[in-house]
Structure formats: structure tokens, C-alpha cells
Amino acid sequence: MKQLGLFFGILFLILSCAPKNQEQKDEATLKQDAKMEWWRDARFGMFVHWGLYAIPAGEWKGKEIPGISEWIMARAEIPVKDYEKLTEEFNPVKYNAEEWVKLAKFAGMKYIVITSKHHDGFAMFHSKASPYNIVDATPFDRDPLKELADACEKYGIRLGFYYSQAQDWHEPGGTYYNIEQGEPHWDPDLKREPLMNYINGKAVPQVKEILENYGGLDILWWDTPRGMTEEAAKALQAEVDKYPEMLTNNRLYRPWPGDFSTPEQHVPPTGLDYDWEVCMTMNTSWGYKKNDDNWKSSESLIRMLVDIASKGGNLLLNVGPTAEGLIPEPSVERLKEIGQWMQKNGESVYGTSASPFFKLPWGRCTTKEAESGNLLYLHVFDWPRDGVLRVPGLDARIKDVYLLTNKKQKFSYKFEGEDLLIHAPSVIFDPINTVVVVKTGKKMEITSNMPSLKDGKILMPADFADIHNPGYGTHAVLSGSGTESVIQNWVDHRARLEWMFNAAEAGNYRMEVLVKAEKSSKLNVKMGDKSLEAEIPATNDKFEIVNLGEIEINETDDKIISLTPVQENWGNVGLMYLELIKI
Ligand code: FHN
């Protein structure tokens with residue numbers, strides 16, 4: 001928080017030292033704010049990955065192909081001519097655009113982004129630029145994206161199209177997975193051509209079509225700028241520039257930022273200084289894969305949405321419809337359950353801003369300005385068992401504290417020092433996430449509850465750690481809160497833990513962790529430019545305190561300390577806290 005404050009402080013200084021630019025900058029920012037307004041308010045959208053790959057659904061010639069199903073053509077190295085044959089049987093007669101849109105709306109989603117063309121090069125819309133499209137190449141004589149656009153219009157849902165602008169495995173000029181490493185396309189019969197042949201001959205004309213023919217898109221969602229050139233990006237951007245109100249993501253060309261960034265398959269541990277949208281699958285694959293049963297629970301999806309909102313981002317949650325045109329039942333179930341929660345609690349998600357608190361061990365917070373003050377939505381994931389919900393460091397006049405789903409259910413409260421203590425009755429109103437609303441006066445200040453020196457120790461519990469999980473891989477997960485919190489399933493060596501703390505006193509500190517390790521493991525401890533390698537011995541299935549060594553702190557501002565596994569020496573580690581003890 002303090003670092004963020006410092007960042008904005010410096011930004012403010014830069015802006016105020018540049019009076020000539022000020023007016024221009026402000027105008028540009030205001031314009032961008034106006035453009036982003038609906039999207040920032042929406043917070044929640046549906047991603048749809050639908051294409052020919054829904055037919056093999058992860059299996060080719062009787063063999064299960066590992067990985068995400070929409071990549072089957074590349075992963076199974078299917079020749080273009082063989083893959084093309086899927087068009088003969090693609091006939092999704094059970095597709096009903098209105099049903100999809102109504103489901104998204106029920107779930108509380110405000111926009112839909114659908115694959116108009118994925119990397120396999122097959123257009124899911126009627127294209128004059130290439131006959132390799134659903135209307136001209138399949139028995140299905142309908143344009144599903146036209147039907148979706150009409151349904152979205154009818155039910156007031158914003159619409160975006162995903163378009164794979166660089167990778168097109170069907171075209172001689174399109175890029176593919178290992179093109180940047182100089183490897184050939186897997187199909188020797190696809191005689192290579194320059195990228196610009198494909199860009200000018202297919203990508204630009206198709207992008208024109210989707211921008212012109214579907215009632216005006218709200219979002220154009222680019223993907224994987226692999227092998228992209230600036231020349232190609234400029235040709236596509238020229239089309240986008242004709243639609244100044246339309247939003248685009250940051251995946252057209254590295255490092256062009258677009259209107260928002262796109263963390264994929266992971267939630268950033270903290271907020272970011274720009275607009276962002278997490279794209280996430282409900283199981284593992286984006287496209288339909290029949291044996292992919294790795295479903296996330298509705299509880300974790302609801303909490304994920306709230307976690308993202310509490311950090312100021314959006315969630316684009318994916319469904320992968322079948323070759324018949326149906327959204328798989330496990331996805332429908334989850335969307336309905338999310339919808340049931342959103343119907344009652346949506347106010348605490350839509351149009352909210354990020355949490356003003358550093359960390360809230362029992363859950364998350366979103367906030368909104370109200371007419372005569374502020375609304376703090378306390379999302380309580382772990383309802384307190386001791387009868388007290390502690391809101392740390394809140395300096396404000398409290399006007400009201402009530403349950404969002406029943407405003408007549410008021411809670412009593414009192415202050416203890418700077419902490420607001422809310423009386424939490426023993427009944428758990430919603431085991432997934434109970435939203436308690438705190439209405440404050442206009443003036444509201446929050447003091448950070450960042451870990452700091454107390455009795456010669458800086459205690460950093462598991463639930464104060466930022467878990468940096470890799471997008472694709474095994475995720476370390478947090479369970480419990482406070483002294484009972486624990487990070488488990490820390491198996492992937494790429495997962496890093498980070499704590500921010502206030503180094504109130506300079507000096508030497510011993511670092512101790514309370515851990516459980518399956519086998520002897522090693523990790524790197526890093527703080528600023530200091531680092532050391534530490535060993536965790538196997539602990540025989542119980543938690544033990546392990547000394548990681550000593551570290552010197554010489555400046556007393558906020559610090560970040562991180563623990564990163566050493567790849568060759570890593571087992572399954574559970575961690576309850578990291579403590580710095582002044583020597
Ligand atoms: O390769 C694609 C993948 O198939 C999927 O479409 C995701 C969604 O964000 N994007 C790419 C990987 O980043």
C-alpha cells in the first residue's frame with residue numbers, strides 16, 4: 001500500500017512539474033476513464049472457446065492428447081487436410097444463443113467474449129475473406145456469432161470477439177507454436193509464405209468483417225502475439241482505430257498495452273496500477289475436453305471473483321461448449337450457483353473499487369463511494385468463531401453496519417484503538433462469503449496492518465503472504481486464517497511466496513519458518529539485493545520451526561522478502577509463517 005502511495009506520489013509530482021502536459025494528460029485520462037467505465041463497473045464476463053476442436057474433445061485416433069483441447073491440431077500434429085475434415089461433421093444443432101446469454105446474465109456476467117477464430121484458423125462466423133468458416137464449410141447453415149450478437153443485444157449483454165491474429169495453423173503465412181525458435185510447421189504440405197500474405201489476405205479482411213457485421217463490438221480480444229511483427233500489428237491496429245470506443249487487450253503485439261492487461265490462469269497477488277482482467281478456466285481446458293474433470297468448486301469461483309474485484313480487476317470466466325452447441329453441465333451448475341450468490345450480493349462487486357486495506361485475514365473488501373460517505377463491503381470467507389470481526393486500522397465515523405442480503409440485520413460494533421470490532425453472531429449467514437456492509441462518513445482513513453516489529457519479532461503469517469503461482473502448473477493454496485493459516489500444496493518450484501513488512505528497526509534478524517516438508521528441500525530467500533540459500537530438512541509429516549539463516553536490514557522503510565524454491569531440491573512443503581527475530 002505504502003509503495004503504491006509512493007508511486008502515486010511520484011506520479012503526482014511528475015504531473016505537477018509538467019504544466020504544459022497537464023491539460024493534455026488529464027484530457028486523455030478522462031477520455032480513457034469514460035471509455036473504460038462500463039467495463040470497470042462490470043467486473044465479470046464470460047469467455048467462450050468454441051470451435052472444431054470440440055469434436056475430437058481431446059482425443060485423436062483413439063488416443064488422449066495431453067494439454068488444452070483447442071491445441072489438439074498442434075499437439076497431435078494433425079495435417080491441415082485431416083483437420084479440415086472435421087468441418088464435415090460440425091453441426092451444432094443444439095446451439096441456442098439466447099440460452100447461453102440468459103445463463104451468463106443469470107450468473108451475473110455483464111459481457112461475453114467468444115472465439116471468432118482460434119489458432120486452428122477456422123472462422124466461427126460467415127466470412128467472405130476465407131471459405132474455411134462455419135457457414136460455408138460445415139452442414140450447419142447458420143452464423144452462430146450473428147445469433148449471439150442478436151441475443152446479447154436483446155438481453156443487454158456487451159459482446160467481444162476473440163481473434164487469433166498471429167497464430168493461424170491453417171494458413172501458409174500464419175504463425176504457430178515454435179516459429180520464433182525457427183522450427184518448421186508440423187505439416188510439410190503447408191508451403192510457407194510470408195506473414196504479411198496472411199495478414200493482408202485473411203487477418204485484416206476478417207477483422208474488418210467482425211468489426212463491421214456484428215452490430216459493433218465492445219471488445220476485440222487478441223491472443224498470442226507469437227511471431228508477430230510491428231508491420232502486421234500496425235495493419236490490424238489501423239482497423240481498430242476506426243472504432244475508438246471499442247476496447248482491446250494487450251495481446252496484439254508485445255509490448256503494446258491495449259486497454260487492459262490479461263493475467264491468465266492465475267490471480268495476481270496484489271492490485272495493479274492499470275486495468276486488468278484475469279481469464280480463467282473452470283476446469284483445465286479452454287475448449288471442450290471430454291475427460292477434463294478437474295473442476296473448480298463454485299465456492300472457489302465466487303471467492304476468486306471477489307478476490308479479483310478486491311484488487312480492482314475483472315474476471316473473464318471460461319466455458320467450452322460441446323460440438324453439439326451445449327455448455328457442459330458442470331459449467332452450467334457452477335454458473336447457476338455463482339448467479340445465486342450474485343443475485344443477492346452483486347452490489348458488492350459491480351462498480352466497486354479495490355480494497356483500501358493491506359490484508360484482511362478473514363476475507364476481502366470492496367468499496368464504493370456513497371452519497372454521504374463510503375460503503376465498505378466486507379466479504380467474510382471465514383466467519384469468526386470468537387464472535388468478533390476485526391477490521392484493522394479504520395479511522396472513520398461509522399453510520400451503520402448491516403448484512404447485505406438483509407439490511408434490517410444490523411451488527412453492533414465498537415472501536416478498540418484503531419480497529420473496528422464488529423459483533424459477529426455465531427450463525428454463519430453464508431458459508432461461502434457473507435457480505436457485511438460498513439457505512440462510513442465522508443472522511444475515512446486506513447492505517448496499514450502490515451507486519452511490523454513487536455517484542456523484537458516480525459511475524460508474517462501464511463495469510464499475509466502474496467502467493468505468486470505460475471499460470472499453468474500446480475498452485476500453492478492458502479487455507480485457514482491468522483495463526484491457523486497454512487499454505488499447502490507448494491509443489492511447483494515456480495511458485496514464490498512474498499511478504500511485505502515494515503522494517504521499523506535496522507539490524508540483524510534470524511529468519512524462522514514453521515514448515516512441514518515431505519523431503520529435504522532448498523529455497524532462496526531474497527530481500528532487495530540480499531539473498532541466501534536455505535535448507536528445510538524433511539519433517540516427518542509434522543510442522544517444525546526451521547532456521548533459514550540471518551539477514552541484515554539497514555534501511556527502515558517497507559520491505560519485501562521472498563521465498564523461492566530451488567528447482568532441483570524441492571518437495572511438497574507446507575508453511576504456516578515466516579518470522580524475523582531481531583538478534
Ligand atoms: O493459446 C491460447 C489458449 O488456447 C487460450 O485461448 C488462451 C486464453 O487466454 N490464450 C492462449 C494462451 O495464452
Side-chain angles (χ1 to χ4, degrees), residues 44-58 60 65-78 83 109 111-124 145 160-171 174-181 183 185-186 203 210 219-228 247-268 275-289 292 294 296 304 308 313-321 331 469-473 494:
F44 192 26
M46 177 185 268
F47 210 176
V48 185
H49 275 70
W50 195 34
L52 291 176
Y53 38 81
I55 301 174
W60 194 252
I65 307 299
I68 43 186
S69 83
E70 70 281 6
W71 272 75
I72 196 164
M73 182 177 174
R75 294 280 177 253
E77 304 200 338
I78 304 171
Y83 192 84
M109 293 157 150
Y111 59 105
I112 295 178
V113 178
I114 188 167
T115 45
S116 65
K117 187 201 76 166
H118 205 266
H119 311 330
D120 64 0
F122 181 72
M124 289 293 287
L145 299 202
F161 282 0
Y162 165 113
Y163 189 87
S164 173
Q165 77 285 7
Q167 292 201 74
D168 189 316
W169 305 329
H170 183 263
E171 304 302 326
T175 77
Y176 49 89
Y177 184 55
N178 279 340
I179 194 167
E180 285 172 343
Q181 285 71 40
E183 285 184 24
H185 189 287
W186 58 87
I210 57 178
I219 303 167
L220 183 52
W221 216 97
W222 306 113
D223 204 7
T224 61
R226 218 175 280 259
M228 199 66 184
L247 311 184
T248 59
N249 67 359
N250 63 342
R251 295 190 182 184
L252 173 58
Y253 179 63
R254 294 182 204 107
W256 290 3
D259 294 302
F260 57 91
S261 78
T262 50
E264 177 165 325
Q265 296 290 42
H266 73 279
V267 178
D275 289 298
W276 54 281
E277 177 194 65
V278 167
C279 50
M280 179 68 66
T281 50
M282 285 196 216
N283 46 355
T284 304
S285 179
W286 299 91
Y288 175 64
K289 188 169 185 183
D292 179 3
N294 186 25
K296 297 172 186 72
M304 186 188 290
I308 291 169
N314 281 17
L315 170 62
L316 189 64
L317 186 60
N318 184 72
V319 296
S331 302
N469 275 313
Y472 291 88
R494 295 166 302 167

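Both counts, for ligands and for their atoms, begin at 1 and track the order of listing.
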_Taking the ring centre of each residue, are W71 and H119 less than 6.0 Å apart?_
yes
*asked:* In this structure, is the centre-to-centre distance between the rings of Y162 and H49 below 6.0 Å?
replied: yes
*Would you mind running through ligand 1 and noting each atom that sits below 4.0 Å from a heavy atom of Y162?*
6 (O)
*Can you tell me the protein heavy atom closest to atom 3 (C) of ligand 1 and the distance?*
E70 OE2, 3.4 Å
*Just heavy atoms, cut-off under 4.0 Å: does N318 contact ligand 1 by side chain, backbone, both, or neither?*
neither
*Closest heavy-atom contact between I65 and R75?*
CG2-CB, 3.6 Å
_Can you see whether S285 engages D292 through a side-chain donor-acceptor pair at a distance of less than 3.5 angstrom?_
no
*Would H118 count as a contact of ligand 1 if the rule is a heavy atom under 4.0 Å away?*
yes
*asked:* Check this for me - ligand 1, H49, N or O atoms closer than 3.5 angstrom, yes or no?
replied: yes
*Does D223 reach ligand 1 with a nitrogen or oxygen that is under 3.5 Å from one of the ligand's nitrogen or oxygen atoms?*
yes
*Which atoms from ligand 1 have a heavy atom of W286 less than 4.0 Å away?*
5 (C), 7 (C), 8 (C)
*asked:* Using every non-hydrogen atom in the two residues, find where Y177 and Q167 come nearest and quote the distance to one decimal.
replied: N-OE1, 3.5 Å
_Under 4.0 Å, heavy-atom basis, I'd like to know which part of Q167 is in contact with ligand 1: side chain, backbone, both or neither._
neither
*Give the atoms of ligand 1, by number and element, whose distance to some non-hydrogen atom of W221 is under 4.0 Å.*
9 (O)
_N/O separation below 3.5 Å, W71 to ligand 1_ = yes
*Atom indices of ligand 1, in the order listed, that fall short of 4.0 Å to a heavy atom of C279*: 9 (O)
*Can you list the atoms of ligand 1 that are under 4.0 Å from a heavy atom of R251?*
9 (O), 10 (N), 13 (O)
_Considering all heavy atoms, the nearest P56-W60 contact_ = CB-CE3, 3.9 Å
*Among all protein heavy atoms, pick the one closest to atom 12 (C) of ligand 1 and tell me residue, atom and distance.*
E264 OE2, 3.3 Å
*Validation row, ring centre W286 to ring centre F47 under 6.0 Å*: yes
_contact_flag Q265 ligand 1 heavy-atom lt 4.0 Å_ = no
*Stacked cation flag R494 on Y472, 6.0 angstrom / 45 deg*: no
*Might you point out which heavy atoms bring Y53 and D120 nearest each other, and give the distance in Å?*
CD2-OD2, 3.5 Å
*Using distance alone, determine whether Y472 and ligand 1 share an N or O pair under 3.5 Å.*
no
_Minimum heavy-atom distance between S116 and I210, given as atom pair plus value_ = OG-CD1, 3.9 Å
